[in-house]
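A short worksheet on the structure shown next.
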Amino acid sequence: TYPNKELSGVGVTWQFCKYYDSVANLNYADDYLDLVALGDAADMMSLTSIETKYLVTKGFRNVKNPFIDYLAEKNDYSIQKKGGLNYDSAGWYIAPFVNAIVRSGTMEEKQNVFNSMLKYRAFEEVLSNKRGHKPGEMEKLVVQVMRTTTNVKNRQQKAVDAGMALLEKRIEANNMLDHKVLLFILEGNEIEATIRGLSANKLMGKYQRPVCVLSRTVQDEEVIYQGSARGCEVAGIENFMAICEKTGLPTYCVGHDNAFGLGLKETDIEQFLIQTDELLKDISGEPTYYCDYVFSNRDVDGDKIIDIATHPELWGKDMNEPIIGIKGLQITKEMLTLMAKNTLKIQVTPNVSLIKFSVSDEEFQQLYSENGSVEINVVGTCNANEWMGNVSAQLMITD
């Protein structure tokens, strides 16, 4: 009967600890609110729940856990750009390191991360394993774990990148964009099972349509493909699992509305694509963005962008970071600058610029006109850029 269904397992555990405190006349539970905050952020619990919002805010304001403290310090530059340690910054710069260890780490690496979250273990001196260390050199466990989590995260990222390259080749070779769902069939261990969900997420974001990454297994002499499925809310699909179930073909669908495990018989694969094409026929495939403000051409209010940018601590699940749209923006060559590392800057007004990282030469040429202008619609998130005491509005381009 507890009213808050957005508490996650970590919040339920904390409530139990609070109850135990009351029975045993203790006062320990609140010492672990930083873990409650991290768990709720990592599990993407809704911030429209007042209790969850309160616990997340209070937990991140008083970090006592050595692992969270050290990892936050290690990523301080990026975290400060998101307004300090909060739901959003923890989701980007702390939770992924834990997730990487859980998915791709060895049992020893997982145990060390767990121990580094315990005050009485985190600062134990252990033999150093850093490159070039001297024989017998010691270091704190939590320091060693910081390095380990970074290495595992990088290792995982390389595996995801390799998997993405493999899958993207298949999209083109097999004309997969002719279907509403990108359905990948893997043989053996072409992509590690632990990162199939991550790969599906990235492909869903890039191609703006549902993605299924399934691997071949044999059950009772029958070939079954099973793996991860991801829906696409941006394309207007609020419950991809219900759509899959509506076909009547999956051997199982288990998980959340748009992130779940899926099983299909080999004999049903083609029919699954036919039925999902029909069920999703009204989905355009073009991304849809719900914007808080939509400006026209160069009539952009930089003060609004700066105001939104100065409150990053507010955003999280169901309290999404605001998206700003500009319709019919006329771009001339004088507005374009290609900076270091192929970062594109479009100067809309003296106080408002658009920024996009890692722009390809082809993208830049599409925006460049020698004599006239190029018209685009653009959506992005807000940033306040400070340089030599002056603050200007930036829109970080999403699309």
Side-chain angles (χ1 to χ4, degrees), residues 78 91-93 95-106 109 148-217 223 225-235 237 240 255 258-264 266 269-270 272-273 276-277 285-287 338 340-344 356-366 396-399:
S78 298
W92 279 101
Y93 302 112
F97 289 89
V98 185
N99 291 341
I101 284 286
V102 172
R103 289 175 183 269
S104 304
T106 66
E109 288 167 340
T148 300
T149 54
T150 302
N151 292 340
V152 173
K153 181 75 166 56
N154 291 340
R155 192 166 76 213
Q156 182 192 67
Q157 189 59 51
K158 287 179 182 177
V160 171
D161 291 344
M164 287 281 290
L166 172 72
L167 297 179
E168 293 203 78
K169 284 181 182 176
R170 293 188 183 177
I171 292 174
E172 186 175 347
N174 300 326
N175 298 315
M176 292 176 64
L177 293 177
D178 292 344
H179 294 289
K180 294 293 187 179
V181 176
L182 291 177
L183 177 62
F184 298 94
I185 302 299
L186 304 177
E187 299 295 334
N189 199 31
E190 290 181 297
I191 297 178
E192 295 174 28
T194 55
I195 61 170
R196 286 171 196 158
L198 288 174
S199 301
N201 260 344
K202 287 180 175 291
L203 288 164
M204 177 273 295
K206 181 171 182 177
Y207 292 96
Q208 306 288 340
R209 65 188 69 201
V211 175
C212 306
V213 181
L214 310 181
S215 184
R216 187 179 190 272
T217 60
V223 176
Y225 286 95
Q226 53 189 10
S228 297
R230 295 293 184 269
C232 187
E233 290 186 35
V234 174
I237 302 168
F240 182 48
N258 274 326
F260 54 95
L262 174 69
L264 286 170
E266 184 178 38
I269 294 288
E270 187 174 346
F272 178 80
L273 286 171
T276 51
D277 280 346
E286 288 291 321
L338 196 58
K341 298 182 180 178
N342 277 39
T343 298
L344 174 68
K356 189 172 192 295
F357 300 110
S358 303
V359 172
S360 66
D361 292 338
E362 181 183 5
E363 272 185 293
F364 183 80
Q365 290 304 321
Q366 286 176 341
M396 313 306 289
I397 295 176
T398 300
D399 201 352

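- Under the 4.5 Å side-chain criterion, counting only non-hydrogen atoms from C-beta, L186 is in contact with R196.
- In D178, the CG atom is crowded: over 12 heavy atoms of neighbouring residues, nucleotides or ligands sit closer than 6.0 Å.
- One distance of note links CD of Q156 with CD of E192; it measures 9.0 Å at 0.5 Å rounding.
- A distance of 9.5 Å separates OG1 of T149 from CG of N154, quoted to the nearest 0.5 Å.
- For the pair V181 and F240, the minimum side-chain heavy-atom distance is below 4.5 Å.
- Atom CE in M204 sits 10.0 Å away from atom CD1 in I237 (nearest 0.5 Å).
- No more than 12 heavy atoms of other residues, nucleotides or ligands lie within 6.0 Å of CD in E172, so this atom counts as exposed by the packing criterion.
- L344 CG to S358 OG: the interatomic distance, rounded to the nearest 0.5 Å, is 11.0 Å.
- Residues I171 and L203 meet the side-chain proximity criterion, which asks for heavy atoms closer than 4.5 Å.
- Within the 3.5 Å criterion, the main-chain N or O of M176 finds no donor-acceptor partner in the side chain of R170.
- The CG atom of L264 lies 9.0 Å from the CG atom of L273; values are rounded to the nearest 0.5 Å.
- At distances below 3.5 Å, at least one donor-acceptor pair connects side-chain atoms of N342 with backbone N or O atoms of V359.
- The CD atom of Q366 lies 7.0 Å from the OG atom of S360; values are rounded to the nearest 0.5 Å.
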Which pairs of donor and acceptor atoms, one on a side chain in residues 227-235, lie under 3.5 Å apart (sequence neighbours left out)?
residue : atom : partner : partner atom : Å
R230    : NE   : N201    : OD1          : 3.3

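- Contacts of D277 classified as side-chain hydrogen bond (donor to acceptor under 3.5 Å, both in side chains), with partners at least two apart in sequence or in another chain: H179.
- Residues K180 and T276 fail the side-chain proximity criterion, which asks for heavy atoms closer than 4.5 Å.
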Take L182 and L177 through the side-chain contact (heavy atoms from CB on, under 4.5 Å) test and state the conclusion after the steps. CA-CA 7 Å; L182 291 177; L177 293 177; 3.9 Å; yes
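- At least one donor-acceptor pair under 3.5 Å links the side chain of R155 to the backbone N or O of S104.
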